[in-house]
Amino acid sequence: MAERESSNFIRDIIRTDLATGKWGRVQTRFPPEPNGYLHLGHAKAICVDFGLAAEFEGLCNLRLDDTNPVAEDDEFVKAIEEDVRWLGFEWGGVFHASDYFDQLYEIAESLVARGLAYVDEQSGDEIRKNRGTVTEPGTPSPYRDRSPAENLERLREMKAGKHPDGAMVLRAKIDMAADNMILRDPLMYRIRHASHHRTGDAWCIYPMYDYAHGLSDAIEGVTHSICTLEFDNNRAVYDWFVEKAGFEEPRTHQYEMARLKLQHVMLSKRRLKKLVTDGIVDGWDDPRMPTISGLRRLGVRPSAIRAFIDRTGVARADSLVARDLWDSVIRDDLNAEAPRRMAVLDPIEIEIANWDGGIEWLDAPDWPHDIPKDGSRKLPFSKTLYIEREDFAEQPPKKWKRLAPGVEVRLRYGYLVTCDQVVKDDSGRIVKLVCSYDPESKGGNAPDGRKVGGTLHWVSAEACEDIEVRLYKPLFTVDSPDAEEDWESLLDPESRVVITAKAEPALQGATGHFQLERLGYFATDPDDASIFHRVVQLKSSWGKKPAETAPAPRKKPAQKPAVAADYRPEDAAAAARFDTLVAEGISEPIAGVLAPNALLDALYVSALAAGAPAVPLANLIASELGPRDGLGQLTPEALAALVLLADSDAVNSNGAKEVLDVLIAHGGEPEAIVDARGLRQVSDTNKLGDMVDEVLGAFPDRVEAYKGGRKGLKGFFVGQVMQRSQGTANPQLVQKLLAERLD
RNA sequence: UGGCCCGUGGUCGAAUUGGCAAGACGCUGGGUUCUGGCCCCAGAGGUUCUAGGUUCGAGUCCUAGCGGGCCAGCCA
């Protein structure tokens, strides 16, 4: 069966817009504020914005959202461009919100002239106080009703620099009592006598995000403006400005997706900046930082970041991605790209007692058997070697596959060795293992074909190099450092451990990515190739602690027991209405919906008067016309006619719903719509019987499965018949026919 | 507390728009193996938050509840 490509809701929207002809092209934008370095959260936005544009052969621009001169700096612009490019994306153009300052200002004057904006001279404190709270409406500014002429004059004074910072602001005149607080006369411009990194001192008033963003999108010709969920509330004002500025459909629309959150990772820009300025990390590109530049220095490749974003998906639900997925994607990305090498992090010496020769140079392949790549290097074997201290156990636990007294193991690419003697110092610490090797086992296999339990990595003590290795752990041990108040106390002091390791000669002077066998993937530092960063450990099924692997399950709060259903409204008038409806034969749940809803109840009353049968009418209204501002083009008469039609079996419930949608959107006469759309229900037993047989014949395997007990398939068969009949089959009849044939 | 958004195996997420609850990560067991890696096979894990309702049929629509998130910056 063909795999269905996994989708996401934004992709679906774009596809629909293209299919319906709303848009003939796709344009997105990535709009970072140049006040810091890009991090993993931005990487998601970049992948989605650029990725979607590329997928639909559209355009994605880079737009620096530089509306606040005191926070922004050119230093960051270069870094942003570098990071986007490094991630593998190309922009159509580089734009700045500041490119539109002139147009934005003109639009502002036009809004003022039309009485849609005003200059407010309240202080910041007053503005805040008068905005009200989430439960109380705001109170209008005393300056709210000044004349357009006076507002224009003040605005021009603001622009001309006649007023100090904070003296006045320009506000959109929307609604001080709006439930959505963003709509309570949002600020459009504030005075800032500050030098802007691009426009210099040309301006002393600067637009706010809410004013500038949507209009910048509209001016650039963006079709789909993607941002994160916390801007959901802002969409209303986005639309308001774009519309009032005169941009008509098709115009840009904003779509919000959930932010990326990764277990143990903090992505707050402000906090990241503090880590840098407090010197807790070495800089924005410290390998422990979740910045793009930090990940780059660590050795994570852009393909891994893209794959990770791809696998975590795009949705509207807040979520926290488990670190396992991150690790897994990085390993997967490096597996076929990182040649294998050996090094020992915590060495213990072994002496091969029966080794007579000096140094023997063995041939070791760069890749394991399952990776179809060539290449090899020379590896020195000698009398004294190092192995990993943790690869030896004096008293091996169960299932131990490594070295232990009297146990034979393989030294990778080398020989089979057996531990004969354990040498300890006075304190009892093991200082050396005396082993013997099998001269016949060169390359790692004995001629007699005997098997050994395990294979260890090793290096020659006589021909090895010291390398600096840096091992990392997350900066935070808690799942969501962003959510923690005292996050600074939660830093893991062992997030970076620097050690000197013993490495095979081929690692000396090497650069790039390597898998140090059995230890993990490592990358040399871009500026200092003598430093090896551990990018990620190898997966291991030995000594694993399951508790560390997944985020702690979020507690499912104990459900409070459901209160016995009571549909009767509290409000006295509604309760009376409820009683009447119930007396008329309407069920309580349905009456409970209609009674308190003036719009729906009025519709019910009128449609009832127009001749619709009460119960089906009430059911339809209550269960289909729920949260709605208005009824569109739907009239009570049309609704009554529709209910009558459905009640007489002329259309099935699918058809009735389709007609209802049409009535709301365009109005019309139900019977005519039914005919125009071919929705008349088919209840002809012969016709339906043929279709049922056809479906049953087309899916013999499923028929088998059904007879084997998978009764859920009944819905599938019905669905198939419904599809074949364009939705017009009588489903009850189909079920009956199906039952006759299958049961 | 008002408005809005969101609840699908442990985690992230699909579901032909009302018709078979995908896939990946993780977990368990097995196979393979000169990496306790990779790869292969099998398996466990679900009242799709809860309770009602509409419907032949609900993860999807309606109502209520529960839980989480966002909004009261002259930040973005």
Side-chain angles (χ1 to χ4, degrees), chain A residues 3-4 6-8 33 35 65 67-68 71 124 127-128 131-136 138 165-166 169 178-182 184 187 189-192 208-209 213 229-234 256 258 263 311-313 315-322 324-325 328-329 331 335-336 340 368-371 401 410 412-413 443-445 452 454-455 457 515 517-518 538-543 546 549-551 553-554 556-557 559-560 562-563 565 567 587 589-590 592-593 619-620 622-627 652-654 657 702 705 710 712-720 722-723 730-732 734-735:
Chain A
E3 297 170 34
R4 195 164 39 240
S6 236
S7 191
N8 66 58
E33 184 188 13
N35 69 343
D65 218 341
T67 55
N68 186 359
I127 288 179
R128 187 169 351 108
R131 186 141 36 213
T133 70
V134 289
T135 50
E136 306 158 84
D165 287 8
V169 294
D179 282 322
N180 179 353
M181 299 213 44
I182 306 273
R184 320 250 257 230
L187 272 58
Y189 276 94
R190 75 289 220 189
I191 301 172
R192 279 264 152 78
M208 301 285 291
Y209 167 87
H213 198 85
L229 239 29
E230 70 270 22
F231 290 98
D232 193 346
N233 290 316
N234 302 59
E256 310 88 22
Q263 190 184 19
R311 289 218 232 162
T312 50
R316 277 181 74 85
D318 291 307
S319 61
L320 175 65
V321 178
D324 294 288
L325 181 59
S328 162
V329 169
R331 285 193 288 255
N335 180 35
R340 312 291 124 123
H369 63 92
D370 51 283
I371 293 173
K401 289 164 68 173
R410 172 167 37 237
R412 182 140 234 229
Y413 312 124
N445 286 309
V452 294
T455 302
H457 62 281
Q515 184 197 103
E517 300 217 32
R518 304 211 306 135
L538 253 32
K539 186 172 153 187
S540 169
S541 51
W542 176 253
T549 60
R554 274 172 284 176
K556 289 218 169 151
Q559 289 282 341
K560 290 188 187 168
V563 204
Y567 302 103
S587 71
I590 298 293
V593 175
N619 285 351
L620 187 68
S623 57
E624 294 298 330
L625 299 175
N652 60 28
S653 59
N654 286 352
K657 271 163 215 176
R702 276 163 233 248
R710 265 184 78 188
L713 249 20
K714 188 179 72 178
F716 168 75
F717 294 130
V718 176
Q720 286 296 316
M722 294 307 288
Q723 232 168 62
N730 178 328
Q732 289 97 321
V734 172
Q735 301 233 8

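Reminder, nothing fancy here: chain letters follow the sequence lines and each chain counts from 1. When reading the values below, keep in mind they use all heavy atoms of this one structure, side chains included, and skip hydrogens, waters and symmetry mates.
- When the P atom of rG31(B) is taken as reference, atom CG of Asp370(A) falls 19 Å away, rounded to whole Å.
- A distance of about 42 Å separates the C1' atoms of rU11(B) and rC74(B), rounded to the whole Å.
- In this structure, the CG atom of Asn654(A) is 13 Å from the C1' atom of rU54(B), given to the nearest Å.
- Spacing between atom CZ of Arg184(A) and atom P of rG73(B) amounts to 11 Å, rounded to whole angstrom units.
- Within the 4.0 angstrom heavy-atom criterion, only backbone atoms of the sugar-phosphate kind lie near Pro589(A); the bases stay farther away.
- Comparing atom distances between the Ile590(A) side chain and each of rC56(B), rU54(B), rG18(B) picks out rU54(B) as nearest.
- Within 4.0 Å of Thr133(A), counting heavy atoms only, lies at least one base atom of the nucleic acid.
- One can place CD of Glu136(A) at 15 Å from C1' of rC71(B), the figure rounded to the nearest angstrom.
- Taking atom C1' in both rC25(B) and rU63(B), one finds a spacing of 37 Å when rounded to whole Å.
- Distances from the side chain of Lys539(A) to the nucleotides rA24(B), rC20(B), rC38(B) place rC38(B) closest.
- Rounded to the nearest Å, the gap between the C1' atom of rC12(B) and that of rU16(B) is 22 Å.
- Taking the side chain of Asp324(A) as heavy atoms from C-beta on, and the options rG36(B), rG53(B), rC25(B), the nearest nucleotide is rC25(B).
- As judged by a 4.0 angstrom heavy-atom cut-off over every strand, Asn730(A) is placed among residues making no nucleic acid contact.
- Look at the C1' atom in both rG7(B) and rU50(B): the space between them is 11 Å, to the nearest Å.
- Of the listed nucleotides (rU55(B), rC62(B), rC56(B)), rC62(B) has the atom at the smallest distance from the side chain of Val593(A).
- Panel note: side chain Arg184(A), backbone Thr133(A); a donor-acceptor pair is recorded below 3.5 Å.
- The distance between atom CG of Asn8(A) and atom C1' of rA14(B), rounded to the nearest whole Å, is 11 Å.
- Across all strands shown, Gly626(A) has heavy atoms under 4.0 Å from sugar-phosphate atoms exclusively, and none from any base.
- What separates CD of Gln720(A) from C1' of rU16(B) is a distance of 10 Å, to the nearest Å.
- Here the side chain of Gln735(A) is nearest to one of rC25(B), rA72(B), rG19(B), namely rG19(B).
- Residue contacts shown for Gln515(A) include a base, since a base heavy atom lies under 4.0 Å away.
- Listed by chain and residue number, Glu517(A) satisfy the salt bridge (Lys or Arg N to Asp or Glu O under 4.0 Å) test with Arg412(A) (two or more places apart in sequence, or in another chain).
- Here Asn619(A) lies in heavy-atom contact (under 4.0 Å) with sugar-phosphate atoms only.
- Arg316(A) places a side-chain N or O within donor-acceptor distance of the main-chain N or O of Glu256(A), the cut-off being under 3.5 Å.
- At a cut-off of 3.5 angstrom, counting only N and O atoms as typed in the model, there is a donor on one side and an acceptor on the other between the side-chain of Lys657(A) and the base of rG18(B).
- Of the side-chain N and O atoms in Arg331(A), none sit less than 4.0 angstrom from OP1 or OP2 of rG37(B).
- For the pair Ser541(A) and rG37(B), the criterion of a side-chain N or O lying under 4.0 Å from OP1 or OP2 is met.
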Could you go through nucleotides 2-5 of chain B and list every protein N or O atom that sits under 3.5 Å from one of its N or O atoms, giving the distance for each pair?
from   : atom 1 : to        : atom 2 : distance (Å)
rG2(B) : O2'    : Asp179(A) : OD1    : 3.1
rG2(B) : N2     : Asp179(A) : O      : 3.4
rG2(B) : N3     : Val134(A) : O      : 3.1
rG3(B) : N2     : Asn233(A) : OD1    : 3.2
rC5(B) : O4'    : Asp232(A) : OD2    : 3.1
rC5(B) : O3'    : Arg316(A) : NE     : 3.4
rC5(B) : O3'    : Arg316(A) : NH2    : 3.3
rC5(B) : O2'    : Arg316(A) : NH2    : 3.2

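- Separating the C1' atom of rU54(B) from that of rG18(B) is a span of 12 Å, rounded to the nearest Å.
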Just the atom pairs and distances: protein N or O near nucleotides 74-76 of chain B's N or O, under 3.5 Å.
from    : atom 1 : to        : atom 2 : distance (Å)
rC74(B) : OP1    : Arg131(A) : NH2    : 3.3
rC74(B) : OP2    : Arg131(A) : NH1    : 3.2
rC74(B) : OP2    : Arg131(A) : NH2    : 2.8
rC74(B) : N4     : Gln122(A) : O      : 3.4
rC74(B) : N4     : Gly124(A) : N      : 3.4
rC74(B) : N4     : Gly166(A) : O      : 2.9
rC75(B) : OP1    : Arg192(A) : NH2    : 2.9
rC75(B) : OP2    : Arg190(A) : NE     : 3.2
rC75(B) : OP2    : Arg190(A) : NH2    : 3.0
rC75(B) : OP2    : Arg192(A) : NH1    : 2.8
rC75(B) : OP2    : Arg192(A) : NH2    : 3.0
rC75(B) : O3'    : Arg190(A) : NH2    : 3.1
rC75(B) : O2'    : Asn68(A)  : ND2    : 3.4
rA76(B) : OP1    : Thr67(A)  : OG1    : 2.7
rA76(B) : OP1    : Arg190(A) : NH2    : 2.9
rA76(B) : OP2    : Tyr209(A) : N      : 3.1
rA76(B) : O3'    : Asp65(A)  : OD2    : 3.2

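- A straight line from CG of Leu320(A) to P of rG26(B) spans 16 Å, rounded to a whole angstrom.
- An OP1 or OP2 oxygen of rC56(B) is reached within less than 4.0 angstrom by a side-chain nitrogen or oxygen of Gln732(A).
- On the P atoms, rU48(B) is 13 Å away from rA22(B), given to the nearest whole Å.
- Distance, Gln723(A) CD to rG18(B) P: 13 Å, rounded to whole Å.
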